[in-house]
Q: 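Structure in structure tokens, see below.
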There are 2 protein chains.
Amino acid sequence: MKPLTIGRLASETGTTVETVRYYERAGLIPAPARTGGNYRSYRAQDLERLRFIRRTRDLGFTLDEVRALLEMAGDRDRDCGTVDALASRHLEEIDRKIADLTVLRRELAGVIASCAGGTVAECRILEAFAPSVGQVRS
Amino acid sequence: MKPLTIGRLASETGTTVETVRYYERAGLIPAPARTGGNYRSYRAQDLERLRFIRRTRDLGFTLDEVRALLEMAGDRDRDCGTVDALASRHLEEIDRKIADLTVLRRELAGVIASCAGGTVAECRILEAFAPSVGQVRS
DNA sequence: CCTTGACCCTGTAGCAGCTACAGGGTCCAT
DNA sequence: ATGGACCCTGTAGCTGCTACAGGGTCAAGG
């Protein structure tokens, strides 16, 4: 089993070298062994761990949450309710974001629909942005 | 018409003093006149301008986009098509975000639904996060 | 007149989560 | 031996604020 360079590790997990080093600094992956030439040398479990991180990051978990999930994953006998709770909280967060964006989308679409062309002076869009009447000056 | 202090300007527009100063540094609002005691002194049009900024920020435009909108708003004879275009591009962006979050939401909800409790060792959630089989180690 | 407290000033550093250098060293194939 | 692809550390930048520290100003109350 040949050890992985940081470049291979990165490309196998769809990240970049810089990001891997950043994760190391951020304490998400342990500092790996070094070769004679001071190159980082990774093993299969590092690949696993990084994939786990990528997957959870892609699902929108923050680095703090990822750290927590990693810790939970390491403790095989723990009740998985905490994992469920963290994931569920995150799901609610996503729902909130979707709801917020949906409101915003409707509002913006309304503003845009009111535009009938013409010059800026007659523009309904800018009018909708300026809460009271009159030009936005200087 | 009494001039506004930065504190009043901020509270009237639902921002903070720090944010107003930040907008000045960022070139969104012009540097105002100063009083004898070196206090910033704002006028009615600054209030307008700041409200415009807040409104567009609340609609999710970036500071760069807000800067562009402000510039457009200042040129009364310009065709408002550019405004429409910018707003429409932003709407598409929001739609993309909603779509992305919706995909992600479905995926995460699926992962969570698979959890039947038990210990971490049996946890389907963590299993779903770990792309291949086996513990996420050290 | 003096003090107190609310406000204001500048400048700098911090947050998340990377990304992008600069200025070097290493490794491998030709 | 040389070239190019890779690796190293360290630092600064991005967005859009927010949070100090360490001062100055102003108006009201005693």
Side-chain angles (χ1 to χ4, degrees), chain A residues 2-29 31-43 46 49-50 52-70 90 93-94 97 100-101 104, chain B residues 2-43 46 49-50 52-70 90 93-94 97 100 104:
Chain A
K2 57 183 178 307
L4 293 156
T5 63
I6 194 169
R8 278 191 64 71
L9 183 70
S11 69
E12 301 253 325
T13 53
T15 37
T16 70
V17 168
E18 318 274 1
T19 300
V20 175
R21 286 198 282 246
Y22 171 74
Y23 286 163
E24 182 183 326
R25 274 202 309 284
L28 285 163
I29 51 180
R34 299 291 182 122
T35 67
N38 200 31
Y39 282 20
R40 286 172 180 80
S41 172
Y42 295 96
R43 287 172 304 159
D46 296 316
R49 193 175 172 93
L50 190 49
F52 183 99
I53 294 168
R54 284 316 306 173
R55 177 103 176 93
T56 47
R57 287 290 300 130
D58 285 347
L59 285 169
F61 289 96
T62 65
L63 289 190
D64 267 355
E65 289 168 335
V66 173
R67 249 184 296 263
L69 286 170
L70 280 165
H90 182 56
E93 182 85 11
I94 290 169
K97 272 187 193 154
D100 287 355
L101 280 174
L104 198 145
Chain B
K2 55 182 182 302
L4 292 156
T5 64
I6 194 170
R8 278 191 64 71
L9 184 71
S11 68
E12 301 253 324
T13 53
T15 36
T16 70
V17 168
E18 318 275 0
T19 301
V20 175
R21 284 199 282 247
Y22 172 74
Y23 285 163
E24 182 182 327
R25 273 203 309 285
L28 286 163
I29 52 179
R34 298 292 181 120
T35 67
N38 199 30
Y39 283 20
R40 286 173 181 80
S41 172
Y42 295 96
R43 288 171 303 157
D46 296 316
R49 194 176 172 92
L50 190 48
F52 183 100
I53 295 169
R54 285 315 308 173
R55 178 100 175 95
T56 47
R57 287 289 301 131
D58 285 348
L59 284 169
F61 288 95
T62 66
L63 290 190
D64 267 356
E65 289 169 333
V66 173
R67 250 185 293 264
L69 287 170
L70 281 166
H90 183 54
E93 181 85 12
I94 291 169
K97 272 187 194 155
D100 287 354
L104 198 146

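In the text below, chain A, chain B and the rest are named by the order of the sequence lines, each starting its count at 1.
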Q: Which atoms form the tightest heavy-atom contact between R34(A) and N38(A), and what is the distance?
A: NH1-O, 3.1 Å

Q: Show your working on side chain to side chain contact (heavy atoms under 4.5 Å, CB included) between D46(A) and I29(A) and close with a plain yes or no.
A: CA-CA 7 Å; D46(A) 296 316; I29(A) 51 180; 5.8 Å; no

Q: Could you tell me which non-hydrogen atom of L104(A) sits nearest to which non-hydrogen atom of D58(B), and how far apart they are?
A: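 Looking at all heavy atoms of both residues, the shortest contact is CD1-O, 3.5 Å.
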
Q: Please examine the side chains of R21(A) and R40(A), heavy atoms only from C-beta on, and report whether any two atoms are closer than 4.5 Å.
A: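 Of all side-chain heavy-atom pairs linking R21(A) with R40(A), at least one is under 4.5 Å.
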
Q: Which pair of heavy atoms, one from E24(A) and one from P32(A), lies closest together, and at what distance?
A: OE1-CD, 3.5 Å

Q: Find the bend of the helix from dC1(C)-dG30(D) to dT30(C)-dA1(D) as the angle between its two terminal axes (five pairs each), to the nearest 10°.
A: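 Here the helix ends are tilted 30° relative to one another.
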
Q: In whole Å, what is the span from the CD atom of E93(B) to the C1' atom of dT15(D)?
A: 14 Å

Q: Measure the distance from CD on E24(B) to C1' on dT10(C) and round it to the nearest whole Å.
A: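 To the nearest whole Å, that distance equals 12 Å.
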
Q: For the residue pair Y42(B) and V20(B), establish whether any side-chain heavy-atom pair is separated by less than 4.5 Å.
A: yes

Q: Heavy atoms, side chains only, cut-off 4.5 Å: are Y23(A) and R57(A) in contact?
A: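 In short, these two side chains touch, coming nearer than 4.5 Å.
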
Q: Let me know, please, whether V17(A) or F61(B) comes out on the 5' side of the other along DNA chain D by nearest nucleotide.
A: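 Mapping each residue to its closest nucleotide by heavy atoms, the 5'-most match is V17(A).
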
Q: Check the distance between dC27(C)'s P and R8(A)'s CZ and give it to me in whole angstrom.
A: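 Going from R8(A) (CZ) to dC27(C) (P), I get 18 Å.
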
Q: Can you measure E65(B) atom CD to dG16(D) atom P for me and round it to whole angstrom units?
A: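 Rounded to the whole Å, the gap is 9 Å.
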
Q: For the residue pair G60(B) and H90(B), what are the closest heavy atoms and their distance?
A: O-CE1, 2.9 Å

Q: Which distance, rounded to the nearest 0.5 Å, do you find between the OG1 of T15(B) and the CG of L50(B)?
A: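 One finds 4.5 Å between OG1 of T15(B) and CG of L50(B).
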
Q: Please tabulate the protein-to-nucleotide N/O contacts below 3.5 Å involving nucleotides 18-22 of chain C, giving atom names and distances.
A:
from: dC18(C); atom 1: OP2; to: Y23(A); atom 2: OH; distance (Å): 3.1
from: dC18(C); atom 1: OP2; to: R57(A); atom 2: NE; distance (Å): 2.7
from: dC18(C); atom 1: OP2; to: R57(A); atom 2: NH2; distance (Å): 3.2
from: dT19(C); atom 1: OP2; to: T19(A); atom 2: OG1; distance (Å): 3.1

Q: Measure the distance from CZ on R67(A) to C1' on dA16(C) and round it to the nearest whole Å.
A: 11 Å

Q: Given 3.5 Å as the limit, does a donor-acceptor pair link the side chain of R49(B) with the main chain of L28(B), or not?
A: yes

Q: Do any side-chain nitrogens or oxygens of T5(A) fall under 4.0 Å of OP1 or OP2 in dC7(D)?
A: yes

Q: Which parts of residues 33-40 of chain A get close to DNA chain D, meaning a heavy atom less than 4.0 angstrom away?
A: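 Result for residues 33-40 of chain A: R34(A), N38(A), Y39(A), R40(A), sorted by number.
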
Q: Under the side chain to side chain contact (heavy atoms under 4.5 Å, CB included) rule, what do L9(B) and E12(B) come out as? Steps first, then yes or no, please.
A: CA-CA 5 Å; L9(B) 184 71; E12(B) 301 253 324; 6.0 Å; no

